[in-house]
Amino acid sequence: RSELLSGTSDVEYFAPIKYRLEPDLLVTVLGGLVYSGDIVLSITGDKIDSGKLTQLAERSLEELKQFKHVEAPKEINLAVLRALFELFDLPSGLAQKASQGDTEPVIKLQEKVSALVPRVLKAGSDLQQGKLGFWGQNLLREEEAKDWHARLDSLKKFTESLTPYNTVGKLKNLRVTPDDLDSQKKNLEILAAVERLLELVADLGSTASYLSQAEMVLPTEHPWVKQAEAARKALQDKLSQDRTAEHASEYRQTLGQLKKDYITAYIASHSKARLGVAEDKTRNALRRDERLLALRVLAGVSLMPTSQLTAFEESLNGLKSCSSLDEPTLVTTAVCPHCQFRPSAEQLELLPAANRLHKLDDDLDELLANWQQTLLENLDDPFTQESLGLLPAASKKLIDAFLASRTLPEPLTQEFANAVQEALSGLEKIEVKSDEIKQALRQGGSPATPDDLRKRFDALISDRSKGKDATKLRFVVE
């Protein structure tokens, strides 16, 4: 200090003739030299170099003005510097160039540091947010995730600590040991593992998400769902052990095949549950069929079991049609966008929709034949025969023609239905629900003898016929 400042203790200057710097300004200049790594400033109880700049800022000006001396920084530790450059995948020869005052090694090192910091921050953030999840399960165990996050945090602090070493002079004050570098080498491996797994999850994630939706679309008992569950468990077990993601192509192939199998299974279910173009035309034709139109007209006769017609039309209208689905569409969505078919949410029939349509055609024949027989039996009834003579001539003619031909007229007109209604108006229709019959037969317990069942059934009929002329009653089971 005495060699740098001259004068009395009250008035001191550095180079009083050339610069005439007071101690305050000299300390500022010395601080700049410490920052650049060109000198080490010795003060009471400590030596401040470029690696201790925070201490320089913390010391009071008066204390700094009373510095003891300045000295040249120690020489660069070539062995440590070589290991540092190798850690960042830089040529170890750059350490020798740095010792010769070349600025290139410093520039390259800081470029590596600048590139590494955001990578570590992103990996740590993604890890903390649970982004290492695959198909509903985290790839890391809880304790493993904590350990990895702690290692990434250590790597972040280490990398940030290298930022101040941005000149050759500062490298002389590098405070890094071989043990530090060995530890950070392991932490860099963790960073690489996290990035590989994140890349793998991003690569497989869209397919896994698709398959998760697909599992909810098909019924739980569907063979494909069982296949998907087994594949998911096997993949998650493998991924929990594979930290290098070296089997990524195998995982992609497994998921891709599973998706193809789903598309095949879904299209098969869709084809079974939905009518195609030809079947839809058949259904529309059935809605306009003369047999159905005849039944709708006869439904106006009070004696007819109209619930049968209602059930038939509900079954017919319950058939859904969709002919627009194809395989390319299912590549991007797990559900048909045209009809939103979800097998797990629909009451699937054993018979395909096309077969059910053909059966409804047969059912329509049977339903019309049954109604025709019901009319014949009731019009042939002696009680009804007595009232036929009271009908208007036109109505009686229609009824007589029907009884003679034993076949419903074609086309079946409203006039015919009105004539039948008028002829049967003396009969009283009593509707009995099937549940009422079951309940009546169970009165008194089960099992029961045949005689017990007959008595219970007779009791039901007697109760519903009470106070009425039994010859005029007609029971209709709904």
Quiz item: Out of curiosity, Asp361 CG to Lys359 NZ, how far, rounded to the nearest 0.5 Å?
Solution: 11.5 Å
Quiz item: Looking only at heavy atoms, which two atoms of Phe85 and Pro91 are closest? And how far apart?
Solution: CB-O, 3.8 Å
Practice problem: For residues Tyr266 and Leu325, determine if any side-chain heavy atom of one lies less than 4.5 Å from a side-chain heavy atom of the other. | Solution: yes
Quiz prompt | Separation between CG of Leu121 and CG of Leu152, rounded to the nearest 0.5 Å | solution = 10.0 Å
Quiz item: Can you check whether Tyr165's main-chain N or O pairs, donor with acceptor, with Gln110's side chain at less than 3.5 Å?
Solution: yes
Quiz item: Is there a donor-acceptor contact under 3.5 Å linking the side chains of Asp261 and Gln257?
Solution: yes
Quiz item: Between Trp224 and Leu258, is there a donor-acceptor pair closer than 3.5 Å when you use the side chain of the first and the backbone of the second?
Solution: yes
Quiz prompt | Straight-line distance of Leu293 CG to Leu298 CG, nearest 0.5 Å | solution = 11.0 Å
Quiz prompt | Minimal non-hydrogen separation, Leu174 against Leu162, with atom names | solution = CD1-CD2, 4.1 Å
Quiz item: How far apart are the C-alpha atoms of Glu58 and Thr54, what are their side-chain angles, what is the distance that settles it, and do they pass the side chain to side chain donor-acceptor pair (under 3.5 Å) test?
Solution: CA-CA 6 Å; Glu58 291 170 354; Thr54 55; 4.8 Å; no
Quiz item: Does CD belonging to Gln253 count more than 12 external heavy atoms closer than 6.0 Å?
Solution: no
Quiz item: Side-chain contact, heavy-atom cut-off 4.5 Å: Lys122 with Asp126?
Solution: yes
Quiz item: Is the Lys NZ or Arg CZ of Lys259 less than 6.0 Å from the centre of Tyr210's six-membered ring, within 45° of the axis?
Solution: yes
Quiz item: Has Gln100 got more than 12 heavy atoms of other residues, nucleotides or ligands less than 6.0 Å from its CD?
Solution: yes
Quiz item: Looking at Gln66, Lys65, Arg59, Gln55, which one forms a side chain to side chain contact (heavy atoms under 4.5 Å, CB included) with Ile43?
Solution: Arg59
Quiz item: Can you check whether Leu25 reaches Tyr13 side chain to side chain, under 4.5 Å on heavy atoms?
Solution: no
Practice problem: Any chance you could lay out the side chain to side chain contact (heavy atoms under 4.5 Å, CB included) test for Val168 and Asp102, step after step, and finish with the verdict? | Solution: CA-CA 7 Å; Val168 174; Asp102 195 331; 6.0 Å; no
Quiz item: Is the count of non-hydrogen atoms from other residues, nucleotides or ligands lying under 6.0 Å from Glu436 atom CD greater than 12?
Solution: yes
Self-check item: Donor-acceptor under 3.5 Å (Gln236 side chain, Trp135 main chain)
Solution: yes
Self-check item: Donor-acceptor pair, side chain of Arg456 and main chain of Gln443, under 3.5 angstrom
Solution: yes
Practice problem: Report yes if some heavy atom in the side chain of Leu360 is under 4.5 Å from a heavy atom in the side chain of Ser315; otherwise report no. | Solution: yes
Quiz prompt | Side-chain heavy-atom pair Leu94, Leu109 within 4.5 angstrom cut-off | solution = no
Exercise. Give the intermediate values and the outcome of salt bridge (Lys or Arg N to Asp or Glu O under 4.0 Å) for residues Glu142 and Lys146.
Key: CA-CA 6 Å; Glu142 184 177 357; Lys146 288 181 179 178; 3.7 Å; yes
Quiz item: Under 30°, 30 to 60°, or over 60°: which ring-plane class applies to His270 and Phe341, parallel, tilted or perpendicular?
Solution: perpendicular
Practice problem: Would you name the heavy atoms of Ala265 and His222 that are closest together and state the gap between them? | Solution: CB-CE1, 3.7 Å
Quiz prompt | Test log, rule side chain to side chain contact (heavy atoms under 4.5 Å, CB included), inputs Leu127 and Leu140 | solution = CA-CA 9 Å; Leu127 187 60; Leu140 302 181; 3.5 Å; yes
Practice problem: Answer yes when Glu279 and Arg356 have at least one side-chain N-carboxylate O distance shorter than 4.0 Å, and no when they do not. | Solution: no
Self-check item: Point-to-point distance, once rounded to the nearest 0.5 Å, from CG of Asn187 to CH2 of Trp148
Solution: 11.5 Å
Quiz prompt | Worked check of side chain to side chain contact (heavy atoms under 4.5 Å, CB included) between Asn317 and Arg287 | solution = CA-CA 9 Å; Asn317 295 328; Arg287 284 169 171 163; 3.2 Å; yes
Practice problem: Output yes when a side-chain donor or acceptor of Ser209 lies under 3.5 Å from a complementary backbone atom of Ser206, and no otherwise. | Solution: no
Exercise. Check for a donor-acceptor pair, side chain of Thr159 on one end and backbone N or O of Val113 on the other, with a separation under 3.5 Å.
Key: no
Quiz prompt | Carboxylate-amine/guanidinium contact Lys433 Asp435, below 4.0 Å | solution = no
Self-check item: Salt-bridge contact Glu189-Lys185 (side-chain N to carboxylate O under 4.0 Å)
Solution: no
Quiz prompt | Where Leu181 and Ala83 come nearest, the two heavy atoms and their spacing | solution = CD1-CB, 3.3 Å
Quiz item: Quick one: does Leu235's side chain get under 4.5 Å of Leu255's, heavy atoms only?
Solution: yes
Quiz item: Looking just at side-chain N and O atoms, do Gln184 and Ser154 make a donor-acceptor pair shorter than 3.5 Å?
Solution: yes
Quiz item: Between the side chain of Ser271 and the main-chain N/O of Ala268, is any donor-acceptor distance below 3.5 Å?
Solution: no
Practice problem: Taking the side chain as every heavy atom from C-beta outward, state whether Ser42 and Phe67 have any pair of such atoms under 4.5 Å apart. | Solution: no
Quiz item: Which pair of heavy atoms, one from Val277 and one from Ser323, lies closest together, and at what distance?
Solution: CG2-OG, 3.2 Å
Quiz item: Say you draw a straight line from CG of Leu26 to CG of Leu30; how long is it, rounded to the nearest 0.5 Å?
Solution: 4.0 Å
Exercise. Return yes if a side-chain donor-acceptor contact under 3.5 Å exists between Ser183 and Asp180, otherwise no.
Key: no
Quiz item: Under 3.5 Å, is there a donor-acceptor pair between the side chain of Asp289 and the main chain of Ala285?
Solution: no
Quiz item: Hey, are the side chains of Pro305 and Trp371 touching, using non-hydrogen atoms and a 4.5 Å cut-off?
Solution: yes
Quiz item: Near Glu199 CD, under 6.0 Å, is it more than 12 heavy atoms from other residues, nucleotides or ligands?
Solution: no
Quiz item: To the nearest 0.5 Å, what is the distance between CZ (Arg296) and CG (Leu412)?
Solution: 13.5 Å
Practice problem: Report yes or no: does Thr333 contribute a side-chain atom to a donor-acceptor pair with the main-chain N or O of Leu330 at less than 3.5 Å? | Solution: no
Quiz item: Hey, are Lys186 and Asp182 close enough for a salt bridge, meaning a charged N less than 4.0 Å from a carboxylate O?
Solution: no
Practice problem: Grab the two heavy atoms, one from Asp326 and one from Ile267, that are nearest each other, plus how far apart they are. | Solution: C-CD1, 4.5 Å
